[in-house]
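Heads up, the thing below is written out as structure tokens.
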Amino acid sequence: MRLERDALIAVFEQLLAHFGPLHWWPGDGRFEIMVGAVLTQNTAWTNVEKAIASLRAADVMELAAMRATAPDALAEMIRPAGYFNVKQRRLRNLLDWLHAQGGHDALLDWPTPRLRDGLLSVNGVGRETADDIVLYAYDRPVFVIDAYTRRLFSRFGWIGGDEDYDQLRLGIEAALGHDVALFNEYHAQIVYLGKDYCRTRPRCGACPLAGLCPFPDIGG
DNA sequence: ACCCAGGGTCATA
DNA sequence: TATGACCATGGG
């Protein structure tokens with residue numbers, strides 16, 4: 001694993017120049033970000049949007065109201081996001097935990113490690129979901145690792161791809177320095193890249209990173 | 001018809 | 001620690 005700041009920044013700058021600032025997370029407020037983070041697990045965001053719209057329409061996009069929603073009804077609302085039975089439970093686990101801590105605003109002054117570990121203690125909230133929440137809902141400098149990040153950085157030859165999640169995260173954080181705005185925008189850019197190019201295009205001629213990627217012809 | 005998506009848990013070895 | 005099964009909808 002060889003992660004250098006200059007190389008990481010060069011990729012970031014080129015992505016930013018191509019896509020423009022993305023202003024993530026797509027969603028409104030801390031609570032909705034958390035809900036979205038759970039719903040988007042292994043799921044296309046377009047599907048999550050339908051679920052979020054239905055939660056809003058039912059007027060339950062709020063901690064107390066969603067917690068008061070019957071399990072079957074909640075599952076039905078989030079159905080388009082897939083895994084709806086599993087996610088209904090995971091969502092409820094998170095809501096119950098938040099309630100037990102005094103609500104999501106009570107977490108605002110928690111130190112980052114406590115916040116992260118607390119979220120990870122919730123069944124159904126894994127490393128990526130926790131880090132989505134920590135970074136995008138609580139503005140803490142953790143770098144979110146997802147499948148796209150591994151694919152991209154592997155392609156550049158910076159990592160093997162099968163590194164332990166936290167080993168990889170800490171390596172990137174050490175290289176970049178703890179910068180919330182940078183981490184926020186970088187992860188967003190990576191997801192955009194992965195979504196539009198890395199998988200759907202077998203050859204990378206039109207890739208925004210053309211000219212920078214050492215292996216542009218590997219394909220998806 | 002097939003592949004995959006902004007993962008995570010659980011059982012098993 | 002490390003695999004594999006499982007969860008499920010919607011778009012390409």
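Scope of the values below: all heavy atoms of this structure, side chains included, with no hydrogens, waters or symmetry mates. By convention in this document, chain letters (A, B, ...) are assigned in the order of the sequence lines, proteins followed by strands, and residues within each chain are numbered from 1.
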**Request:** Taking only the side-chain nitrogens and oxygens of Arg151(A), find out if one of them lies under 4.0 Å from OP1 or OP2 of dA5(B).
**Result:** yes
**Asked** Any side-chain heavy atom of Phe156(A) sitting closer than 4.5 Å to one from Leu212(A)?
**Response** yes
**Message:** For a quick check of understanding: with a heavy-atom distance under 4.0 Å over all strands, which category does Val86(A) fall into, base, sugar-phosphate or nothing?
**Reply:** sugar-phosphate
**Prompt:** OP1 or OP2 of dG11(C) less than 4.0 angstrom from a side-chain nitrogen or oxygen of Lys50(A), does that happen here?
**Reply:** yes
**Request:** Answer yes or no on whether Lys195(A) is positioned over the face of Tyr192(A), meaning its NZ or CZ is under 6.0 Å from the six-membered ring centre and within 45° of the axis.
**Result:** yes
**Message:** For a 4.5 angstrom cut-off between non-hydrogen side-chain atoms, does Val35(A) reach Ile78(A)?
**Reply:** no
**Asked** Could you give the NZ-to-P distance, from Lys87(A) to dA5(B), as a whole number of Å?
**Response** 13 Å
**Request:** Calculate the interatomic distance between Trp45(A) atom CH2 and dG7(B) atom C1'; express it in whole Å.
**Result:** 14 Å
**Side chain proximity check, Lys50(A) to Asn47(A), heavy atoms < 4.5 angstrom** = yes
**Prompt:** Could you go step by step and tell me if Leu55(A) and Leu39(A) meet the side chain to side chain contact (heavy atoms under 4.5 Å, CB included) rule?
**Reply:** CA-CA 12 Å; Leu55(A) 291 169; Leu39(A) 292 181; 4.3 Å; yes
**Nearest-Å distance for atom pair CE/P, residues Met77(A) and dT9(C)** = 17 Å
**Complete:** Members sharing Val86(A)'s hydrophobic cluster, built from side-chain contacts under 4.5 Å between Ile, Leu, Val, Met, Phe, Trp and Tyr, are Tyr83(A)
**Request:** Return the value, rounded to whole Å, for the distance between atom CZ of Arg90(A) and atom C1' of dC10(B).
**Result:** 11 Å
**Interface residues of residues 28-42 of chain A with DNA chain B (non-hydrogen, below 4.0 angstrom)** = Thr40(A), Gln41(A), Asn42(A)
**Asked** Can you list the steps and then say if Tyr138(A) with His104(A) is a side chain to side chain contact (heavy atoms under 4.5 Å, CB included)?
**Response** CA-CA 10 Å; Tyr138(A) 290 93; His104(A) 43 276; 3.3 Å; yes
**Request:** Would you classify Val125(A) as touching base, sugar-phosphate or nothing, given that sugar-phosphate means primed atoms plus P, OP1 and OP2, and contacts are heavy atoms under 4.0 Å?
**Result:** sugar-phosphate
**Message:** Distance check needed: dG11(C) P versus Glu49(A) CD, whole Å only.
**Reply:** 11 Å
**Item:** Minimum-distance nucleotide (side-chain atoms of Tyr83(A) versus dC7(C), dT9(C), dA5(B))
**Value:** dC7(C)
**Request:** Assess Arg169(A) against Phe143(A): is NZ or CZ under 6.0 Å from the centre of the six-membered ring, and within 45 degrees of the ring's axis?
**Result:** no
**Message:** Base, sugar-phosphate or nothing for Arg79(A)? Non-hydrogen atoms, less than 4.0 Å.
**Reply:** sugar-phosphate
**Message:** Tell me which residues in residues 52-59 of chain A lie within less than 4.0 Å of DNA chain C, going by non-hydrogen atoms.
**Reply:** none
**Prompt:** Which residues, if any, of residues 163-178 of chain A bring a heavy atom under 4.0 Å of DNA chain C?
**Reply:** none
**Prompt:** DNA chain B: stems of at least 3 consecutive Watson-Crick or G-U pairs, cut-off 3.5 Å?
**Reply:** B:2-5 with C:9-12, B:7-13 with C:1-7
**Request:** Take atom CD of Glu76(A) and atom C1' of dA8(C), then tell me their distance rounded to the nearest Å.
**Result:** 13 Å
**Message:** Taking the minimum atom-to-atom distance to the side chain of Thr129(A), which one of dG7(B), dT9(C), dC10(B) wins?
**Reply:** dG7(B)
**Message:** Assess the residue pair Phe183(A) and His187(A) against the criterion (side chain to side chain contact (heavy atoms under 4.5 Å, CB included)); give the C-alpha distance rounded to whole Å, side-chain angles, the decisive distance to 0.1 Å, and a yes or no.
**Reply:** CA-CA 6 Å; Phe183(A) 290 1; His187(A) 178 63; over 6 Å; no
**Request:** Please identify each residue that fulfils side-chain contact (heavy atoms from CB on, under 4.5 Å) with Ala44(A), with sequence neighbours left out.
**Result:** Thr46(A)
**Asked** Nearest-Å distance, CZ (Arg127(A)) to P (dG8(B))?
**Response** 7 Å
**Message:** Can you confirm whether Asn184(A) sits close enough to Asp179(A) that some side-chain heavy atom of one is under 4.5 Å from a side-chain heavy atom of the other?
**Reply:** no
**Request:** Report yes or no: do Asp132(A) and Thr129(A) form a side-chain donor-acceptor pair below 3.5 Å?
**Result:** no
**Message:** Any non-hydrogen side-chain atom of Ile172(A) less than 4.5 Å from a side-chain atom of Tyr186(A)?
**Reply:** no
**Prompt:** Given side chains that start at C-beta, do those of Arg127(A) and Ile145(A) come closer than 4.5 Å, heavy atoms only?
**Reply:** no
**Message:** Using a strict threshold of under 4.0 Å (side-chain N to carboxylate O), is an ion pair present between Arg30(A) and Asp105(A)?
**Reply:** yes
**Atom pair distance, as rounded to whole Å: CD1 in Ile78(A) and P in dG7(B)** = 16 Å
